[in-house]
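Working notes, beginning with the structure itself.
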Amino acid sequence: MEVAQGMHMKGGDGEESYANNSIIFQGNVISSTKLIREEAITSLYSSTLPRSLAIADLGCSCGPNTLSVVSEVIHVVENLCKKLNHSSPEYKIYLNDLAGNDFNSVFRSLDSFKEKLRDETKTEIDRCYFFGVPGSFYGRVFPDRSLHFVHSSYSVHWLSKVPEGIENSKGAIYINETSPSNVIKAYYEQFERDFSVFIKCRAEEIVEGGRMVLSILGRRGDDPFSKESCDLLDLLATALNHMVLKGLIEEDKVNTFNIPNYYPSRSEVKSSILEEGSFAINHVEFSEVDLNNSGESLHDSGYNVAQTIRAVFEPLMVSHFGEAIIDDVFQRYHEIVVDQMSREKMQTVYFTISLTRKAQ
């Protein structure tokens, strides 16, 4: 299964776009992890006082979340500058994602973003430069020792490719309770390879004393098919298999469709970081996103979840199944999610890990 062309969020600003459906999961995670990033950037700036500050957001995607962390970091630094009576540093902002990302929509928003930033900080911030950096973060993206602060949210659970040797994963699109042991092993080993490369590359790109904050969709325990991480994809597989039974999709098409994600445990992430050895782990914090929004009806909560999953996975599904089935799949998925919500609480779990680049 070729996935490279579909490994990006749905662009544009339409009803099903990622820009309009990235608040429930991604936006809430960015909001709830604000204090961890503030601590990291405060510690970094106060201890180094760089005249030029290089910030990278890996897996930046598009929409309202893309520049929110950048804005937050600049606010923190500007407040520190006022307290310390220092002039503002030069800001170099690097926005990284795969080449299929809708960078154009991000670039179109920069003028209004800068104007809003000047109004909020009451400073000119005239030396604030933005760069789009297309490419996989499972490889080198930046020059040696060029970054001070790296952030990535809801991105590192994406694998570089679908694991090999999982042809016997029938009717599932990710790990579930019926998955053969070789499928579980293949997913974990692909994650281990990818994440080890990720850490090694960032170690080469971040300056000594630089900071990195990662928010990763994952799981609390060691069970690889924990409902808290697999449930939403299992329900999407249910929708696809319903369509197989109706004769609307070929069974082989579903059997050969696998999501290139892996939702790791904290111990799996920590072991890769400690084995590489270049980073000190400052802080790890678990949180959850409750999908049964108490302020909405079940129908609306389910619709919002379905729209979010569609915005994330539609490009991948279109590249495999074609466009004709997409509306039908997600209408069924919406109904299945609502039914599940009526019977039990649904949530996703993520953890945020704050790291410091050690001195060599």
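Numbering starts at 1 and runs along the sequence shown.
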Handout entry: Salt-bridge criterion met for Glu205 and Arg202 (N-O under 4.0 Å)
Key = yes
Just by modelled atom types, is the [Y] backbone N or O under 3.5 Å from a matching donor or acceptor in the [X] side chain?
X: Arg211; Y: Arg357; answer: no
X: Thr33; Y: Ile36; answer: no
X: Ser112; Y: Ser109; answer: yes
X: Ser354; Y: Asn282; answer: no
X: Asn241; Y: Gly171; answer: yes
X: Tyr94; Y: Val150; answer: no
X: Ser169; Y: Ile166; answer: no
X: Ser46; Y: Ser43; answer: no
X: Asp290; Y: Gln347; answer: no
X: Asn292; Y: Met346; answer: yes

Problem - Reported OG1-to-CZ distance for the pair Thr348 and Arg219, which is rounded to 0.5 angstrom - result: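 Answer for the OG1-CZ pair, Thr348 versus Arg219, is 14.5 Å.
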Exercise for the section: Hey, could you give me the CD1/NE2 distance between Ile325 and His320, rounded to the nearest 0.5 Å? Expected result: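 The NE2 atom of His320 is 8.5 Å from CD1 of Ile325, to the nearest 0.5 Å.
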Handout entry: side chain to side chain contact (heavy atoms under 4.5 Å, CB included) between Asp222 and Ser267, worked out
Key = CA-CA 8 Å; Asp222 294 328; Ser267 62; 3.6 Å; yes
Taking [atom1] in [X] as the centre, count heavy atoms belonging to other residues, nucleotides or ligands within less than 6.0 Å. Is the count above 12?
X: Arg51; atom1: CZ; answer: no
X: Glu90; atom1: CD; answer: yes
X: Lys82; atom1: NZ; answer: yes

Side chains of [X] and [Y]: donor-acceptor distance under 3.5 Å anywhere?
X: Tyr263; Y: Asn261; answer: yes
X: Asp327; Y: Gln331; answer: no
X: Ser301; Y: Asn304; answer: no
X: Tyr350; Y: Ser32; answer: yes

Nearest non-hydrogen partners of [X] and [Y], listed with the distance:
X: Ile199; Y: Phe279; answer: O-CE1, 3.8 Å
X: Asn101; Y: Cys60; answer: ND2-SG, 4.0 Å
X: Cys201; Y: Arg140; answer: SG-N, 3.6 Å
X: Gly277; Y: Lys358; answer: O-NZ, 3.4 Å

Under 3.5 Å, sequence neighbours excluded: what are the donor-acceptor pairs made by side chains of residues 71-79?
from: Ser71; atom 1: OG; to: His75; atom 2: ND1; distance (Å): 3.4
from: Glu72; atom 1: OE1; to: Arg37; atom 2: NH2; distance (Å): 2.9
from: Glu72; atom 1: OE2; to: Arg37; atom 2: NE; distance (Å): 2.7
from: Glu72; atom 1: OE2; to: Arg37; atom 2: NH2; distance (Å): 3.4
from: His75; atom 1: ND1; to: Ser71; atom 2: O; distance (Å): 2.7
from: His75; atom 1: NE2; to: Glu120; atom 2: OE1; distance (Å): 3.1
from: Glu78; atom 1: OE1; to: Ser88; atom 2: OG; distance (Å): 2.7
from: Glu78; atom 1: OE1; to: Thr123; atom 2: OG1; distance (Å): 3.4
from: Glu78; atom 1: OE2; to: Ser88; atom 2: OG; distance (Å): 2.9
from: Glu78; atom 1: OE2; to: Tyr91; atom 2: OH; distance (Å): 2.6
from: Asn79; atom 1: ND2; to: His75; atom 2: O; distance (Å): 3.3

Problem - Verdict with supporting geometry, Ile326 and Arg310, side chain to side chain contact (heavy atoms under 4.5 Å, CB included) - result: CA-CA 9 Å; Ile326 298 300; Arg310 178 171 182 169; 3.5 Å; yes
Completion exercise
Test ring-ring contact (aromatic ring centres under 6.0 Å, His included), reference Phe321, set Phe330, Phe257, Phe313, output is Phe257
Using a 4.5 Å cut-off on heavy atoms from C-beta on, say whether the side chain of [Y] contacts that of [X].
X: Ser52; Y: Lys92; result: yes
X: Pro260; Y: Leu316; result: yes
X: Ile41; Y: Val213; result: no

Problem - Path from Phe142 to Val207 over hydrophobic side-chain contacts below 4.5 Å - result: no
Problem - Hydrophobic cluster membership, Ile281 vs Leu35, 4.5 Å side-chain cutoff - result: no
Practice task
Determine which pairs satisfy ring-ring contact (aromatic ring centres under 6.0 Å, His included) with at least one residue from residues 191-215, sequence neighbours left out, and list them in order.
Solution key: Phe137-Phe198, Phe191-Phe195, Phe191-Tyr262, Phe195-Phe198
Handout entry: Leu236/Val329 under side chain to side chain contact (heavy atoms under 4.5 Å, CB included): CA gap, chis, key distance, verdict
Key = CA-CA 8 Å; Leu236 183 55; Val329 169; 3.9 Å; yes
Handout entry: Phe149 ring center within less than 6.0 Å of Tyr45 ring center
Key = no
Practice task
Applying side chain to side chain donor-acceptor pair (under 3.5 Å), run through Arg193 and Gln190 and close with a yes or a no.
Solution key: CA-CA 5 Å; Arg193 285 191 296 271; Gln190 185 63 51; 2.9 Å; yes
Practice task
Check the pair Ile173, Met317 against side chain to side chain contact (heavy atoms under 4.5 Å, CB included), reporting the backbone distance first and the verdict last.
Solution key: CA-CA 11 Å; Ile173 62 176; Met317 295 177 70; over 6 Å; no
